[in-house]
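Below is one structure, written out as structure tokens, with a few remarks after it.
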Amino acid sequence: MKAYRLDSYPEGNDFAASIALVDQPDPVANEGEVVFTNELLSLDAGTRMWMTPRTDSYQPPIPLGSVVPGLALGRVTESRAEGFAPGDLVRAFGQWAEKSVVRPELSGLVKLDTSVADARQHFGALGMNGWTALVGIEDVGRTKAGDTVLVSAAAGATGILATQIAKILGAHVIGIAGGAEKCAFLTEKLGLDGAIDHRGDDVEGAIAKAAPNGVNVYFDNVGGPLLDAVLPNMAHYGRIAICGLIAGYAEAQPGPRRFDQILARRLQVTGFFSPDFMDRGPELTERLKGWLDDGRLVVPFEETQGFENLLTAYAKLFTGGNIGKVVVRV
Ligand SMILES: NC(=O)c1ccc[n+]([C@@H]2O[C@H](COP(=O)([O-])OP(=O)(O)OC[C@H]3O[C@@H](n4cnc5c(N)ncnc54)[C@H](OP(=O)(O)O)[C@@H]3O)[C@@H](O)[C@H]2O)c1
């Protein structure tokens, strides 16, 4: 089978120079393992952080010479673990390969609801992005009706869900995204109350205009200069839910420069990480599915056909080439 092997740590977005598409033997399940054919792969920004030698992040670096790990969905071909049988449709933290081999207890392996019309939603609204958005907006941000909520990378997989969940909870929601097309999508298609183009606008001034009474909840996917633009615009006693810091994944960023505003505005800044609430998956999925079925959550997909095109698709997360969830159909 074909697999993507990390041979060196990438510079910037030049993934092809560091990640090789190689042939290797098909995996065989050892005792306690399950093998499944990858039909869809979820491409996630966080993986970029483990493609660096940094040892101070929430995951250790991917060992050089190993296959890149990633969320995968497909049918079981071989099982030596209780509860899984050939033919089951499953999702797990597997590998960027044509097949994944996993241990259920280490990979979050679950059997999926086959009645979901679009299986990609098991990565979007009904998977890690949906859970992260819901927990970040509701539990970490403690969003309530009438709050002003600001979301960065708002047109991406996690952000798009965070904005819509905040709307469902009755908030006034503003998204930050790169470019006029994404901003128009957020206001015209998703009905957000405002959108700020971080490539074009004076972001700090634009937030001040869009949120004259301050931002109560900032769902941050980006960090870096955007966080500096948001801090002086936070309302007193505001909450910042640090979901991701994509501006600093290839190279860690110093800062935030406006750290003083955390004291001045009595802010609460909280990092959170989806593996910490994996056990809440069924409960979170049920709520998200209710909203998805009612048409209150919309998740567009940026789907790439063909395993051989994965690295080009992956770069879109860092160049802003996607609206919604980036997936590869193997
Ligand atoms: N804490 C957790 O458990 C958890 C779980 C899932 C995801 N995350 C985090 O959520 C964030 C989004 O991840 P995702 O996988 O859903 O990707 P995504 O939002 O679908 O794609 C990433 C988007 O980030 C924006 N971006 C990239 N570099 C940027 C920069 N330097 N400044 C401003 N915007 C930039 C781009 O949109 P623009 O065109 O708008 O710039 C891009 O489309 C990441 O930080 C990720 O690590 C965290």
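Ligands are counted one by one from 1 in listed order, and the atoms in each one are counted from 1 as well. The figures that follow rest on heavy atoms only: side chains count, while hydrogens, waters and symmetry mates do not.
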Pair R280 + E283, salt bridge at N-O below 4.0 Å: yes
Looking at Y4 and F307, would you say the former's side chain and the latter's main chain have a donor-acceptor pair under 3.5 Å? yes
So how far is it from H122 NE2 to R91 CZ, rounded to the nearest 0.5 Å? 7.5 Å
Decide, yes or no, whether a salt bridge links R199 with D197 under the criterion of side-chain N to carboxylate O below 4.0 Å. no
May I have the N/O to N/O pairs between ligand 1 and the protein that fall below 3.5 Å, each with atom names and distance to one decimal?
residue  : atom   : partner : partner atom : Å
ligand 1 : 1 (N)  : C243    : O            : 2.9
ligand 1 : 1 (N)  : F272    : O            : 2.9
ligand 1 : 3 (O)  : S274    : N            : 2.7
ligand 1 : 3 (O)  : S274    : OG           : 3.1
ligand 1 : 10 (O) : N221    : OD1          : 3.1
ligand 1 : 15 (O) : A45     : N            : 3.1
ligand 1 : 16 (O) : T158    : N            : 3.1
ligand 1 : 16 (O) : T158    : OG1          : 2.7
ligand 1 : 20 (O) : A157    : N            : 2.8
ligand 1 : 20 (O) : N322    : ND2          : 2.9
ligand 1 : 37 (O) : K182    : NZ           : 3.4
ligand 1 : 39 (O) : K182    : NZ           : 2.7
ligand 1 : 39 (O) : R199    : NH2          : 2.9
ligand 1 : 40 (O) : G178    : N            : 2.7
ligand 1 : 41 (O) : H198    : NE2          : 2.6
ligand 1 : 41 (O) : R199    : NH2          : 3.3
ligand 1 : 43 (O) : N322    : OD1          : 2.5
ligand 1 : 45 (O) : N221    : O            : 2.8
ligand 1 : 45 (O) : Y249    : OH           : 3.2
ligand 1 : 47 (O) : Y249    : OH           : 2.7

Should E251 and R54 count as an ion pair when the cut-off is N to O under 4.0 Å? no
Of all pairs that satisfy salt bridge (charged side-chain N to carboxylate O under 4.0 Å, His left out), the ones with a partner from residues 147-175, not counting sequence neighbours: K144-D147, D147-R239, K167-D193
